[in-house]
Amino acid sequence: AVVRSAGRRVYVDVSAFPRSAPPVPRSSAAAQVATAAPSSSAAPTATPDETFRTAVRPSIDKLKEMVPFMTSAAASGDPRVTAALLPSLLSVRTSLAGLEPPDAARGSHTMVISAVDRVLRALSPDFSGDRNATVKQSAATIDVVGGVLAGN
């Protein structure tokens, strides 16, 4: 995914997260052997993409739930509101940073972490830019790119 901005607009170019490879057709002899003998494994193993999606989904969902609180904290400027939000935001950021994405998702994963970092900077007392715009841009990145990462 790529993010670019022009004035007050933010453009996010997102490509679909690649699905697992389609099954390879088996020869008729191999298919007959497979149907004659029961499978020794009870459950199929998850692909790395599916494992990552499952691991990242709770963090992305939590960030999406926090968006109204982030925008409220940016609009209010009250340090008590920000102080109440920061522990949860840092916890989610730590969870995201602890995940190892597959190569295809590495850029999108980095973008979501960067969006959380921008929110954290925007909510700091010494931030000199437009808090509301920064938080809204970051929320859009979290929504779009995070949704792709989580498979939503």
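Numbers here simply count residues along the sequence, with the first being 1. These numbers come from a predicted model, not from an experiment.
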*Which residues satisfy the side chain to side chain contact (heavy atoms under 4.5 Å, CB included) test with Asp130, sequence neighbours excluded?*
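Residues passing side chain to side chain contact (heavy atoms under 4.5 Å, CB included) with Asp130: Asn132, Ala133.
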_All side chain to side chain contact (heavy atoms under 4.5 Å, CB included) counterparts of Arg131, not counting sequence neighbours_ =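 Testing Arg131 for side chain to side chain contact (heavy atoms under 4.5 Å, CB included), a comparison that skips the adjacent residues, returns Ala74, Phe127.
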*Val81 and Val119: same hydrophobic cluster, using ILVMFWY side-chain contacts below 4.5 Å?*
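As far as the 4.5 Å side-chain criterion goes, Val119 and Val81 are not connected within one cluster.
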Which pair of non-hydrogen atoms, one from [X] and one from [Y], has the smallest distance, and what is that distance?
| X | Y | result |
| --- | --- | --- |
| Asp49 | Pro102 | OD1-CG, 3.2 Å |
| Ala73 | Leu85 | CB-CD2, 4.1 Å |
| Pro87 | Ala84 | CD-O, 3.7 Å |

*Are the side chain of Gln137 and the backbone of Thr134 linked by a donor-acceptor contact shorter than 3.5 Å?*
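Judged by distance alone, no pair lies under 3.5 Å.
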*Check: Ala150 main-chain N/O paired with Arg53 side-chain donor or acceptor under 3.5 Å*: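 Side chain of Arg53 to backbone of Ala150: no pair is present.
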*Any side-chain heavy-atom pair from Arg118 and Thr141 closer than 4.5 angstrom?*
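Arg118 reaches Thr141 side chain to side chain.
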*Is the closest side-chain heavy-atom distance between Val92 and Val116 below 4.5 Å?*
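No, every pair of side-chain atoms sits at 4.5 Å or beyond.
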*Taking atom CG of Leu96 and atom CG of Leu149, what is their separation to the nearest 0.5 Å?*
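Answer rounded to 0.5 Å: 8.5 Å.
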_Interatomic distance, Arg121 atom CZ to Ser128 atom OG [nearest 0.5 angstrom]_ =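 Result: 11.5 Å between the selected atoms.
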*Tell me, which pairs form a side-chain hydrogen bond (donor to acceptor under 3.5 Å, both in side chains) where one or both residues lie in residues 80-102, sequence neighbours left out?*
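Sorted pair list: Asp78-Arg80, Arg93-Asp117, Glu100-Arg106.
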_Between Asp126 and Ser124, is there a side-chain donor-acceptor contact under 3.5 Å, judged purely by atom types and distance?_
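Yes, Asp126 and Ser124 have a side-chain donor paired with an acceptor closer than 3.5 Å.
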_Pairs flagged by ring pair (Phe, Tyr, Trp, His ring centres under 6.0 Å) wherever residues 101-121 is involved - sequence neighbours left out_ =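 Only Phe52-His109 qualify under ring pair (Phe, Tyr, Trp, His ring centres under 6.0 Å).
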*Sequence neighbours left out, what passes side chain to side chain donor-acceptor pair (under 3.5 Å) with Ser114? Give chain and number order.*
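Residues passing side chain to side chain donor-acceptor pair (under 3.5 Å) with Ser114: none at all.
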Report, one line per pair, each donor and acceptor closer than 3.5 Å where one atom sits in a side chain of residues 58-71; sequence neighbours left out.
from: Thr71; atom 1: OG1; to: Val67; atom 2: O; distance (Å): 3.2
from: Thr71; atom 1: OG1; to: Pro68; atom 2: O; distance (Å): 2.9

